[in-house]
Amino acid sequence: MRQTGAVHVVLRRDSQGISLIPLADDGTDLPGSRTIVAAHLPGVVAEYEAEHRPRWVWDDTSRWYPALLAARVRVERCVDLRLSHTILRNSALTRDSDLARSPPSDWDAPAVVPRADPDATLFDLAFGSGTSLRPASTVGAVVSPGATPVAPSAAGSAGPGRADPDVDPATDPVLEFRNQRAAIAGSGASGSLGLLLAAESAGALIAAEMRFAGLPWSVERHNTLLTDLLGARPAPGRRPANLEALLARVRAELDSPELNPDSPTELLRALRRAGLVVTSTRSWDLQRINHPAIPPLLEFKKLSRLLSANGWHWVDTWVADGRFRPDYVPGGVVTGRWATSGGGALQLPKQVRGAVVPDAGWKLIVADAAQLEPRILTGLAGDQRMAEAGRGDLYEGIVASGAVATRAEAKVAMLGAMYGATTGESGRLLPRLARAYPKALALVEAAARAGERGEIVSTRLGRSSPLPGADWRLAQRDAADVGASEADRKRALSHARSWGRFTRNFIVQGTAAEWALCWMGALRNRLWALEDGSATLVERPHLVFFLHDEVMVHAPAHLAEAVATEVRAAAEDAGRLLFGAMPVSFPVTVAIVDSYADAK
DNA sequence: TACCCCAGCGCG
DNA sequence: AAAGCGCGCTGGGGTA
């Protein structure tokens, strides 16, 4: 890999514009620091990117990167200081660092996502600091124009990072970067932590790029789909015809002409008045009841859900120019999984996936990591026998080993092991799984016991679970008191067990999230390398969707097979990155399709 | 009016 | 033949 010039370049908003501050790996100053006006940033970043391929260091990817992408500038790598800070703040590996011992700061606050402001320019949204960078200064004199660098200061810890008296030390990315490098260096696990932070930061780039590119969405197909199921789009405030008809049947059968089925209490009352024994209005519970009102009611619930969650209003709000652009939130879940904000991108029902279609001449490549979490557990535990069972279909392999009789049993038992099932079929099968795969089961059991004691557990790369909350500790304390009642002890035990199920799952879900980040990061690099030339991100094969253990690439049709190959290769990359020589396999199913609905 | 919580259901 | 993890969103229903 070509590596000239600075390894890291910090971007910092200063009173005079934006400073670019080159730093060595350990955070010490390198020559070449300069300050530019915000409007020049994309051009300057593009220059650096072409010449030095630095790792950009910034406070929030979601704040800097969208405007760069809008200016057709893609960066190869970055350090997202806020996401990194959160990991280092909580990791057991860095618990003795200055960073972890310092009081909460601005770096612990959630990212400030710039909200749409009709009067703000693109650059205000991305780079405006609110005080030091109002439009007047943006259009003013260039502080340090073009390629003329500001005179470099001598290398040392007190260089450009403190040169600007207007920079608040509490939010200075240079100081924060140095703190983080020190925490990593002192952790004794700089390899895995470094990989984790690189993967997390790559994820932040991908999240911004996926939002920029958008998920190809056919409003027309979506409308057809809705109309077939619900009837034509109704006037505002009215129900579609099919829904209205179903509701009429339900009301008639329950003899409740005014019934609002969206109100659980009202519905429960109506069902009881009709002589039914019900304690909830959940579809799953209602299914078992034999009454003529139930089938239309279940159908109504299903379609009503579609209408409210992904109906015409949803399309109007979230789909524009043939693209669905959700707000991805990397690290939004404690386990390290992504969350989304708005649009419900991680809950796209199968019902509407037919509306996800590629552009003309393009394909969607949909890939799914098969049985990811059990395989992650295999690697975490170093369970050779489970690795052996997982050479093909893992569940069939478990059956072949003689542990259980059917594939369905193997699946239920594995889920129970990872979630902490105690009763039912899953709980019943667990001992048999434990006999066949003692190493794997011992690992999740140990994580559960740690959680029950209120301790922290960590993923493969070093993301640690939070401590239980105040009410949890209170419950344990009350139960330990001499005057504790039986109810107190039961409550404490229930809390403890519950937290144990969380920590049990945390190590698996969290390590799976790390695997997925490595998979996507590797895939992103591989996709970029597929084509040369000046084509921008969305003119090349690019990621458009991510769903925990599933990715989607939008690519020109002639490259679809090549993309499929890279997707598989990237999965192998991820397995090696996390588990090294451990022979655990991560097969992926890949579908090249003209609609998301046609994948698996 | 604004906000919070719950029930229910979608996804992995 | 169904209880065990992690989420976000909607509509109802309550409170301030």
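Heavy-atom basis, side chains included; hydrogens, waters and symmetry copies ignored. Proteins get letters first, then strands, A, B, ... in listed order; numbering begins at 1 in each.
Within residues 231-264 of chain A, the residues having any heavy atom under 4.0 Å from DNA chain C are, by residue number, A/Asn260, A/Asp262, A/Ser263.
For the OP1/OP2 pair of C/dG13 and a distance below 4.0 Å, the side-chain nitrogens and oxygens of A/Thr265 include at least one atom meeting the criterion. Side-chain nitrogen and oxygen atoms of A/Lys301 include at least one within less than 4.0 Å of the OP1 or OP2 phosphate oxygen of B/dC9. In this structure, A/Ser283 reaches the B/dC9 phosphate: one of its side-chain N or O atoms is under 4.0 Å from OP1 or OP2.
Ion pairing of A/Arg238 with A/Glu244 is absent here, as no side-chain N (NZ or NE/NH1/NH2) approaches a carboxylate O to less than 4.0 Å.
Aromatic rings from A/Trp314 and A/Trp217 are positioned such that their centres are separated by under 6.0 Å.
At the heavy-atom level, A/Arg428 lies nowhere under 4.0 Å from the strands shown. Within 4.0 Å of A/Leu348, counting heavy atoms only, lie sugar-phosphate atoms of the nucleic acid but no base atom.
Under the 30°/60° scheme for interplanar angles, the aromatic rings of A/Phe502 and A/Trp499 are found to be tilted. Taking the six-membered ring where the residue is Trp, A/Phe546 and A/Trp338 present perpendicular rings, their angle passing 60° and hence far from 30°.
For the residue pair A/Ser401/A/Tyr437, the side-chain donor-acceptor check at 3.5 Å is satisfied. A/Asp383 and A/Thr378 are not linked by any side-chain donor-acceptor pair at a separation below 3.5 angstrom, with hydrogens and angles left out of the test. Between the side chains of A/Glu299 and A/Asn242, not a single donor N or O lies within less than 3.5 Å of an accepting N or O.
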Within the 4.0 Å limit for protein heavy atoms, which parts of nucleotides 1-7 of chain C are touched? Write it as a string from 5' to 3', B for base, S for sugar-phosphate only, - for none. -BSBBBS
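C/dC9 and B/dG8 make up a base pair, with Watson-Crick or G-U wobble contacts both under 3.5 Å. Look at C/dA3: it lacks any Watson-Crick or wobble partner with both distances under 3.5 angstrom.
The list of side-chain hydrogen bond (donor to acceptor under 3.5 Å, both in side chains) pairs with a residue in residues 252-262 of chain A, not counting sequence neighbours, reads A/Ser256-A/Arg273.
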